[in-house]
Visitor: 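My questions will all concern the structure given below.
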Amino acid sequence: MNETAQAPLTRRNTASSRRSPTPWWVWTLAAIGGVGLVAFVTVIGVITVPPAIANLQTHVATATEPLVLGPESAPVIVTVPEGWLITRPDDSHARIVTPDRGLIVDASLSAADAAQAATDAGVAAPMVETLASGLTVAHGSPSGSSEGAAAGPDLVAVVGPVAGGSVVFVASSGDLERYRAAMASLVEGVQP
Amino acid sequence: MSASAPRSARALAVAAVLAAASVVASGCAPAVDENWNPPTWPTTSLTVVEGEAAPLSAQPGQPLASNVSPERIRQDGVGIQARYLLLPQVPAFNDAVRAYIRAAIAARQEVTGAAYRPQAGDVGAGLDDRTCTPGSTTTPAAQLLADSAVAGPVVGGGAATVVCDVVWAAGTLFGERLRTVMSNADAVTADTAETLFADASVGDVASGAQLWGPDALGTLAAEVVDGLRRAAGSLSLAPVADPSAAERLAGAFATTIPAAAGGMQFTIPAGFTTDGLMALGIPPTDAARTILVPTAVAEPLFTDFGRRLLASVGQPYSGPSVTRPGDVPVDCSLTPCVALTYDDGPSDLTPSMLDALATHRASATFFAMGEKANRYAATLQRMVAEGHLIGNHSWNHPSLTKLTDAQIASQLRDTTAALEAASGQKITMFRPPYGDYNARVLAVAQMPAILWDVDTEDWEGPADDVLTERVVTRSKPGSIVLQHDIHGNTARTVGAICDGLLDRGFTMATITQLFQGSVPNSGAWRSAR
């Protein structure tokens, strides 16, 4: 900083010192305005940031990029059908959605075996089947759910054994029967 | 303040930019693809639905009632009650139905050690209610066994209950499902069913399983198994290698019937499974499942009979009707029979008696006199046309034992000639007037003498209700009832007597039918017992 630059500043300070003090109500209005602006920005942030972050975490499934759940030391690989949407809030969870949003599946890991994990998820008497992959799937409707109901999942399907236990798929759909074959393709995508 | 104001402004500006970026980012979500369709299961030609097709009704008053001959037996010796339908003029079908009934009887004979003989009920037994109860072949077994009008009488702690349903009637094709529920004191021990079809146009018969050709099981088994697993909610895409499927499915093929909307259908019972389904963890079916097979798939897998059945879909039933007593299929080894016989006619009363017999689908035997043959030729011809039997009752009703051999021979020979000439029916038996015969009469006659074990003494003029009661209460299986078609009381009571006998479970048969087609060539016979 040189003196040439400092001079106007000195003058301005001198002039300012000669001005009368700012009235109190100006400061009050400014404070209110500031608080309001901060609140507005906060609200906008709360509304838009999480989905924005989610969108930033969402990608379209491809054949070459399977979903990997769990730690690097014990990964569970799920081949999600091409074109489906995958959202990753963290390494152990994923939300998998069909392109038409008709089927929403939350995937997570469980330390229990498939049948036990299905029971833990509220399926009173899970049907236990052998998949084409050789894994076992335990599935059924959780107690209290009804297909098409707005609240609660419509189907729980747990696939195992995989590293660390099993993969829990919790599906919701307004028309589960229409998406049952889609669900089958998803659970068959769990790699042994 | 002078330094913090710009900093606040900058902070707000940064926040605003971030918010704007968030708004922009949130609007960058992948678009919803409304044209995307979820995948479907591998294409199958079969459809699996719950439940079974509703049976048809052949109950009195329904159109089909005129096309069938219902029978009902109840036998307290071996413990069986059975309802089933026979068809006029399709003996192969009736033989198949009777074979099914006899199998149930044989099973009970084996259990009880008792022999089966046709048995009549008590007066007021209600055994005239004989037709199939619609839906009885699919009613829960416990419900059947609780119905005394259906359930077999418990003998030795067990019973056999046979029920029926009409499952098809179109074109000249008729289908009947028969079901046998075997039970002991504690539970149902067996519950089996078989469907039998008849084509009245050619007179042949096929079971449900016989509708399918040899390749059908192998072709359809895999698809049926896949359909069942999908219906059960299976998520697995693992193929089912299931050698047991065809074997297990063979039983279900026996339930094959045409589907009303076209194609064929068969029913898999609750509890059905295969080795492959069990290996996949698919539980046995929790309810009956009907498998619909489209015409295009079924036709090449069917036998000729099956294709005829397929072709009948949508047609009104045009099989034969029971229009005369002779159309009723009679088997007196299975049902209790009684022979109503009328002597001394024909007379002017006889036609009204024939009307009453026709109304009740009852056959009778008329021991007619030679001297009346020419005068009542039309009546005699009607008897034959309606399935009744004509026997020889001498020319003019003498006591044959008081005649010479030549006179006896003349009485019988001339009468036979006159009756055969008038009626067109061969005369093979005679009834001696007054029941008066001896060895000489029998030797000269060279025909069996048919007597009676129930004498109504209608000639004494008893009141109608007394006459009716005599016949209804005194008759036993194999009985021969003596009456005369020359008395008003006899003519008036034909209908009431038939009603009473039907109520006890009797079939009214000719003498030939009473002896199961084999009337002895000689001797004198008071009954067929």
Side-chain angles (χ1 to χ4, degrees), chain A residues 13 16 22 27 30 34 37-38 40-45 47-56 58-60 81 83-85 97-103 125 127-134 136-141 155 157 159 173 175 177-188, chain B residues 1-44 226 228-241 276-286:
Chain A
N13 287 345
S16 175
T22 304
W27 290 110
L37 184 59
V38 168
F40 173 74
V41 169
T42 301
V43 169
I44 292 295
I47 293 172
T48 63
V49 169
I53 291 170
N55 284 338
L56 292 173
T58 298
H59 68 277
V60 177
W84 291 29
L85 308 177
V97 182
T98 55
D100 64 346
R101 310 293 201 275
L103 176 69
M127 179 187 292
V128 180
E129 295 182 80
T130 303
L131 293 167
S133 65
T136 296
V137 61
H139 61 95
S141 298
L155 178 71
V159 180
S173 173
D175 185 358
E177 283 313 305
R178 183 165 181 255
Y179 289 91
R180 192 170 279 276
M183 193 65 195
S185 65
L186 180 60
V187 297
E188 288 284 11
Chain B
M1 172 61 199
S2 60
S4 65
R7 277 199 301 274
S8 298
R10 278 197 297 274
L12 283 172
V14 169
V17 168
L18 283 175
S22 293
V23 171
V24 170
S26 64
C28 290
V32 175
D33 183 357
E34 291 177 347
N35 294 322
W36 184 85
N37 286 311
T40 55
W41 301 115
T43 305
T44 172
D226 216 44
L228 287 177
R229 66 193 288 210
R230 296 307 165 214
S234 166
L235 288 176
S236 173
L237 297 179
V240 184
L277 289 171
M278 289 171 68
L280 280 179
I282 305 294
T285 52
D286 57 350

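By convention in this document, chain letters (A, B, ...) are assigned in the order of the sequence lines, proteins followed by strands, and residues within each chain are numbered from 1.
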Visitor: With rounding to the nearest 0.5 Å, note down the distance linking CZ in A:R180 to CG in B:L235.
Guide: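 The CZ atom of A:R180 sits 5.5 Å away from the CG atom of B:L235.
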
Visitor: Shortest non-hydrogen contact from B:L237 to A:A184?
Guide: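 Shortest heavy-atom separation between B:L237 and A:A184 comes out as CD2-CB, 4.2 Å.
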
Visitor: Which atoms of A:A157 come close to chain B, meaning under 4.5 Å heavy atom to heavy atom: side chain ones, backbone ones, both, or neither?
Guide: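 Just the side chain, heavy atoms under 4.5 Å.
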
Visitor: What part of B:P283 is in contact with chain A, defined as an atom under 4.5 angstrom from a non-hydrogen atom: side chain, backbone, both or neither?
Guide: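 Side chain only.
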
Visitor: Measuring heavy-atom distances to chain A, does B:S234 have an atom under 4.5 Å in its side chain, in its backbone, in both, or in neither?
Guide: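 When you check distances to chain A, atoms from both the backbone and side chain of B:S234 fall under 4.5 Å.
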
Visitor: Answer yes or no: is there a side-chain heavy-atom contact under 4.5 Å between A:R178 and B:N37?
Guide: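 Yes, their side chains come closer than 4.5 Å.
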
Visitor: So which residue, A:V60, A:V97, A:T136, A:T98, ends up with the most heavy-atom pairs under 4.5 Å with chain B?
Guide: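 Sorted descending by pairs with chain B, the first entry is A:T98.
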
Visitor: With A:T22, which residues qualify under side-chain contact (heavy atoms from CB on, under 4.5 Å), at least two apart?
Guide: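 With sequence neighbours excluded, A:T22 shows a side-chain contact (heavy atoms from CB on, under 4.5 Å) to A:V26, A:W27, given in chain and number order.
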
Visitor: Got B:S236 and A:E188 here, is their nearest side-chain heavy-atom distance under 4.5 Å?
Guide: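 They are in contact (side-chain heavy atoms under 4.5 Å apart), so the answer is yes.
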
Visitor: Quick one: sort the B:W36 and A:Y179 rings into parallel, tilted or perpendicular, breaks at 30° and 60°.
Guide: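 Geometry flag for A:Y179 against B:W36: parallel rings.
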
Visitor: Would you mind checking which part of A:L131 comes under 4.5 Å of any heavy atom in chain B, side chain (CB onward), backbone (N, CA, C, O), both or neither?
Guide: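 It is both, since atoms from each part get that close.
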
Visitor: Quick check for you: among A:G134, A:S185, A:P99, which has the greatest number of heavy-atom pairs under 4.5 Å with chain B?
Guide: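 The answer is A:P99.
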
